[in-house]
Amino acid sequence: MKYLQIHPPVQAALAANRAVVAFETSLISHGLPWPKNFETGQKMEAAAQAQGATPATIAVHQGKIRIGCDAPLLEHFARAEGVLKVGRKDLSAAIAEGRDGGTTVSATIHCAAAAGINIFATGGIGGVHRGGEKSFDISADLSALGRTAITTVCSGAKSILDLAKTLEVLESQNVLVIGFGTDSFPAFYARESGLKLEHRVDTPEQAAEILRAQHALAMESAVLIVNPIDEEFAIDWHDLQIWTEQAEMEAATEGVSGKSLTPYLLSRIGALSQGRTLAANQALAVGNAELAAQIAVALAATGIE
Ligand code: PSU
Ligand code: MN
């Protein structure tokens, strides 16, 4: 595609059918503060490489879609002010205007699939916000997952959301949700939401088996592999509720809504928890990068006919 600029190591890996894992940049530009964001991006890439996969961090840079960023470009997206938050619907405008954009899940999976990458990892997907039945604030990630054939590894949806409604919308969108080593939908910073899942795998090979069937059936929707945060970094559900309610109240008082709401809540909860949620966010994102790479390697080993 005309607007794609594929980084040479990613191009080489794709041409040789080797494992490639895509990452997003909104997590870096809007989800975490400097320098934790740059460190997280680098650690995610290193985790993929350690498993034998090539990382491809995706962004819009000067109106071009970059499939794979080198370290200076990653640092740019971590440091620069005023980077646009680019969802799938914003891609064309960001390109035409020659902008710099950090791509969200919805935009990143569209670009990854266009480049021929079939696995993507992030921290947590967007979903239905609390009170979504009134505000209609439902992340475009959900409908994008419903119409993009890509495997997405994440720690469930962000705990600031209404997780039960988020699971309902994923079901409506035909997104297959599989617990990795768990029977319950993980809650981002917390290991458990208490919401039961129907499908579970315990190894990357078992996951790869399902992905082969998904591919053979020519499904147009994503498979979501949900991986709980490491015990060591997990945060108590009750503490999270208190911080989230406080942050939600502040957002309402300050009139924050739309695109700014998720970054605002994440940043306020980071401050209220004295940085514990930031450490947790990094740990879970790196864990998901590692698992995605293991699954990509398992898939590449036997092909995906
Ligand atoms: N995962 C994280 N932190 C983030 C995000 C994901 O650990 O900040 C980003 C993703 O880019 C996701 C976006 O697509 O948050 C959701 O934003 P919204 O709720 O506005 O759709
Ligand atoms: Mn929203």
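All ligand and atom numbering here is 1-based and tracks the order in the structure. FYI, the numbering just counts along the sequence from 1.
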For this session: Looking only at distances, please establish whether an N/O atom of ligand 1 is found under 3.5 Å from an N/O atom of G126.
Result: no
Problem set entry | Contact atoms of ligand 1, heavy-atom distance to H129 under 4.0 Å | 19 (O)
Problem set entry | For S139, the ligand 1 atoms whose distance to one of its heavy atoms is below 4.0 Å | 18 (P), 21 (O)
Problem set entry | Over 12 non-hydrogen atoms of neighbours within 6.0 angstrom of CD in E171 | no
Seminar exercise, completed: So for N281 against ligand 1, with non-hydrogen atoms under 4.0 Å, the contacting part is side chain
For this session: Indicate yes or no: does R268 engage E248 in a salt bridge with an N to O separation below 4.0 Å.
Result: no
Exercise. Do T103 and E24 meet the criterion of a side-chain donor-acceptor pair at a distance under 3.5 Å?
Worked result: no
Problem set entry | ligand 1 contact on D141 by region, counting heavy-atom pairs under 4.0 Å | side chain
Exercise. So, R88 and S143: side-chain donor and acceptor under 3.5 Å apart, yes or no?
Worked result: no
Exercise. Step by step, would you call L163 with F185 a side-chain contact (heavy atoms from CB on, under 4.5 Å)?
Worked result: CA-CA 8 Å; L163 296 179; F185 193 54; 4.2 Å; yes
For this session: Verify the distance criterion only: is there a donor paired with an acceptor across the side chains of S273 and T277 at less than 3.5 Å?
Result: yes
Exercise. Does A285 come within less than 4.0 angstrom of ligand 1, counting non-hydrogen atoms of the residue?
Worked result: no
For this session: Using a strict 4.0 Å cut-off to heavy atoms of G31, name the atoms of ligand 1 that fall inside it.
Result: 8 (O)
Exercise. For ligand 1, which part of T104 has a heavy atom less than 4.0 Å away: the side chain, the backbone, both, or neither?
Worked result: both
Problem set entry | Distance-only polar pair, side chains of E250 and Q246, donor-acceptor under 3.5 Å | yes
Exercise. L73 and H61: side-chain contact (heavy atoms from CB on, under 4.5 Å), yes or no, with the steps?
Worked result: CA-CA 9 Å; L73 195 57; H61 184 234; 3.7 Å; yes
Problem set entry | Option set Q282, K259, R88, K158, criterion heavy-atom distance to atom 5 (C) of ligand 1, minimum | K158
Exercise. Is it true that H30 lies under 4.0 Å from ligand 1, counting heavy atoms only?
Worked result: no
For this session: Could you say whether the N/O atoms of L27 and ligand 1 ever approach to under 3.5 Å?
Result: no
For this session: State the atoms of ligand 1, each with its element, that fall below the 4.0 Å cut-off from a heavy-atom position in T122.
Result: 1 (N), 6 (C)
Problem set entry | Numbering as shown, the atoms of ligand 1 that approach S26 to under 4.0 Å (heavy-atom distance) | 11 (O)
Exercise. With a 4.0 Å heavy-atom cut-off (strictly under), which part of L266 contacts ligand 1: side chain, backbone, both or neither?
Worked result: side chain
Seminar exercise, completed: K85 heavy atoms within 4.0 Å reach ligand 1 at atoms 17 (O), 18 (P), 20 (O)
Exercise. Taking everything shown except R147 itself, do over 12 heavy atoms lie less than 6.0 Å from its CZ?
Worked result: no
For this session: Ignoring hydrogens and angles, state whether a donor on the side chain of S184 or T182 is under 3.5 Å from an acceptor on the partner side chain.
Result: no
